[in-house]
Trainee: 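Quick one: the structure is below, and I'll ask about it shortly.
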Number of protein chains: 2
Amino acid sequence: MKYKKKDRQNKLVEMIEETPFITDEELAKKFGVSIQTIRLDRLELSIPELRERIKNVANKNWNEELRALPVEEVIGEVVNLELDNLAISILDIKEEHVFSRNKIARGHHLFAQANSLAVAVINDELALTANAEINFTRPVKVGERVVAKASVIDQDKNRTIIEVKSYVQDELVFEGKFYMFRSAEK
Amino acid sequence: MKYKKKDRQNKLVEMIEETPFITDEELAKKFGVSIQTIRLDRLELSIPELRERIKNVANKNWNEELRALPVEEVIGEVVNLELDNLAISILDIKEEHVFSRNKIARGHHLFAQANSLAVAVINDELALTANAEINFTRPVKVGERVVAKASVIDQDKNRTIIEVKSYVQDELVFEGKFYMFRSAEK
DNA sequence: ATTACTATTAGGACCTAGTCATAATAGTGG
DNA sequence: CCACTATTATGACTAGGTCCTAATAGTAAT
């Protein structure tokens, strides 16, 4: 009974993350408490109201700085982007990313995050991966947050070399060198 | 004389398309008319209210995030599997696999097909990709069918090397060498 | 049991960005 | 001037909240 509040608040955070388009009223019903309690919880947890949450999700897609490349084409969430220079994205490893047997992330998700970030950082309509050398340096488990950092390390007429390093906390979990084709020269 | 009704409505459509997060009040100011006029205009043009517009953008974003990568065990359909020897899978490239701009398949899908096939061919509970060298030899377009063939080319105590070649018809579109870890020895 | 404290619930005033319905007024064409 | 459209005004109502105050319930320590 003592931890009831805590438990509820933890579940609340989870639930709102999963289905952010949920009203206080619906939440109150699900938890069997009053709307006021839900609102107190949100206040304590600094979770904004429904409309703000919707706006945030919508804004992700409408961020003017990111409009060079449609954001939905990047795996993970882009948190920083300087075209032709560097980019950073975050991918939270969830159940759907891992092998059910051992809860280790499937390689192709880490690859997808890195590869799509490499595409995003290139300021070009047509950016294609020609080849890549990649390394999975440490297994990533469910619940971990992978931060991928892409940086352009070489660039000539129509080829760009991009290095992507992905970390969980300070630990390197993936690194890759991507050789990309561009349509136009710089 | 300001804008005529028709003109204003045309401009209105444009403006809302450009900056969908604009209130009727702001629109009224921009056009120098009353809020009611703007609302009549929206009614005639069947443009939903601000909150609905935001919700639409948000929903689009949300759906696209959810379909980032398919969740199935193996990406593509396995048509042949001999454990510790070879495996073949087919992946039909659809709209959701390609860049909207040029209809070319995103590299990570080809990688995912190859990598998950490499995992599948290994007769082991725990098979992880350690590193890989990959080559995208030809862009794959929407509508094409990619056939991936994985074959074990070397195997020792707890490492397996797998070569995957992917074809569209007879054309090689992707090749990769995957260095995989296994938990148990053979 | 009394006090202290947290947790929960309740209520009201106010807010934004609308909806819908009704009515009055302005501007223009014939 | 009349008819008609366009515009504006007004009021009642809505969802999904915020913010503030106040009452009550439950538990813990003295």
Trainee: Given C:dC20, C:dG18, D:dT18, identify the nucleotide with an atom nearest to the side chain of B:Leu43.
Mentor: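 So the nucleotide nearest the side chain must be C:dC20.
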
Trainee: Quick one: A:Lys29 NZ to C:dT9 P, roughly how many Å, whole number?
Mentor: 15 Å

Trainee: How many whole angstroms separate atom NZ of A:Lys6 from atom C1' of C:dT6?
Mentor: 14 Å

Trainee: Find the distance B:Ile38:CD1 to C:dT19:C1' and express it as a whole number of Å.
Mentor: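 After rounding, the gap between these two atoms is 16 Å.
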
Trainee: Encode nucleotides 10-15 of chain D as B, S and - characters from 5' to 3', where the letter depends on protein heavy atoms closer than 4.0 Å: B to the base, S only to sugar-phosphate, - to neither.
Mentor: B----B

Trainee: Identify the heavy atoms of A:Lys30 and A:Ile22 that sit nearest to each other, and give their distance.
Mentor: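 That would be CE-CD1, 4.4 Å.
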
Trainee: Nearest to the B:Asp24 side chain among D:dG17, D:dA9, C:dG18, which nucleotide is it?
Mentor: C:dG18

Trainee: Could you verify whether a donor N or O on one side chain and an acceptor N or O on the other, from A:Asp41 and A:Gln9, lie under 3.5 Å apart?
Mentor: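 Result is yes, a qualifying pair exists.
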
Trainee: Taking atom P of C:dG27 as reference, at what distance in whole Å does atom CZ of B:Arg8 sit?
Mentor: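 That distance rounds to 15 Å.
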
Trainee: Should B:Arg138 and B:Glu144 count as an ion pair when the cut-off is N to O under 4.0 Å?
Mentor: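 Salt bridge flag = yes for B:Glu144 with B:Arg138.
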
Trainee: With respect to the side chain of A:Arg39, which nucleotide from D:dG17, C:dG18, D:dA9 is positioned closest?
Mentor: D:dG17

Trainee: So, is B:Thr37 near the phosphate of D:dT7, with a side-chain N or O under 4.0 Å from OP1 or OP2?
Mentor: no

Trainee: To the nearest Å, how far apart are A:Ile54 CD1 and C:dT16 P?
Mentor: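 So the two atoms are 19 Å apart, to the nearest Å.
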
Trainee: Measure from CG on B:Asp7 to P on D:dA6 and round the result to the nearest Å.
Mentor: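 Taking CG of B:Asp7 and P of D:dA6, I get 13 Å after rounding.
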
Trainee: Taking the nucleotide of DNA chain C with the nearest heavy atom to each, does A:Gln9 or B:Ile47 sit closer to the 5' end?
Mentor: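 The answer here is A:Gln9.
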
Trainee: In terms of side-chain geometry, is the basic nitrogen of B:Lys55 or B:Glu52 positioned less than 4.0 Å from the acidic oxygen of its partner?
Mentor: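 Here B:Lys55 pairs with B:Glu52 in a salt bridge, since their nearest N and O are under 4.0 Å apart.
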
Trainee: Of the nucleotides C:dG18, C:dT8, D:dT8, which has the atom closest to the B:Leu40 side chain?
Mentor: D:dT8

Trainee: Figure out the CD/P separation between B:Glu44 and C:dC20, and round it to whole Å.
Mentor: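 After rounding, the gap between these two atoms is 14 Å.
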
Trainee: For the side chain of A:Arg42, starting at C-beta, report the closest nucleotide among C:dA7, D:dG17, D:dT8.
Mentor: D:dG17

Trainee: In this structure, how many angstroms lie between the C1' atom of D:dT8 and the CZ atom of B:Phe31, rounded?
Mentor: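 Interatomic distance, CZ of B:Phe31 to C1' of D:dT8: 17 Å.
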
Trainee: For B:Arg53, enumerate each residue passing the salt bridge (charged side-chain N to carboxylate O under 4.0 Å, His left out) test, keeping only those at least two apart in sequence or located in another chain.
Mentor: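 If we apply the salt bridge (charged side-chain N to carboxylate O under 4.0 Å, His left out) test to B:Arg53, skipping adjacent residues, there are no hits.
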
Trainee: Checking A:Phe178 now: which residues fulfil ring pair (Phe, Tyr, Trp, His ring centres under 6.0 Å) with it, not counting sequence neighbours?
Mentor: A:Phe111

Trainee: Only one of A:Ile93, A:Leu91, A:Val164 forms a side chain to side chain contact (heavy atoms under 4.5 Å, CB included) with A:Gln113, so which one is it?
Mentor: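 Of A:Ile93, A:Leu91, A:Val164, side chain to side chain contact (heavy atoms under 4.5 Å, CB included) with A:Gln113 is met by A:Leu91 alone.
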
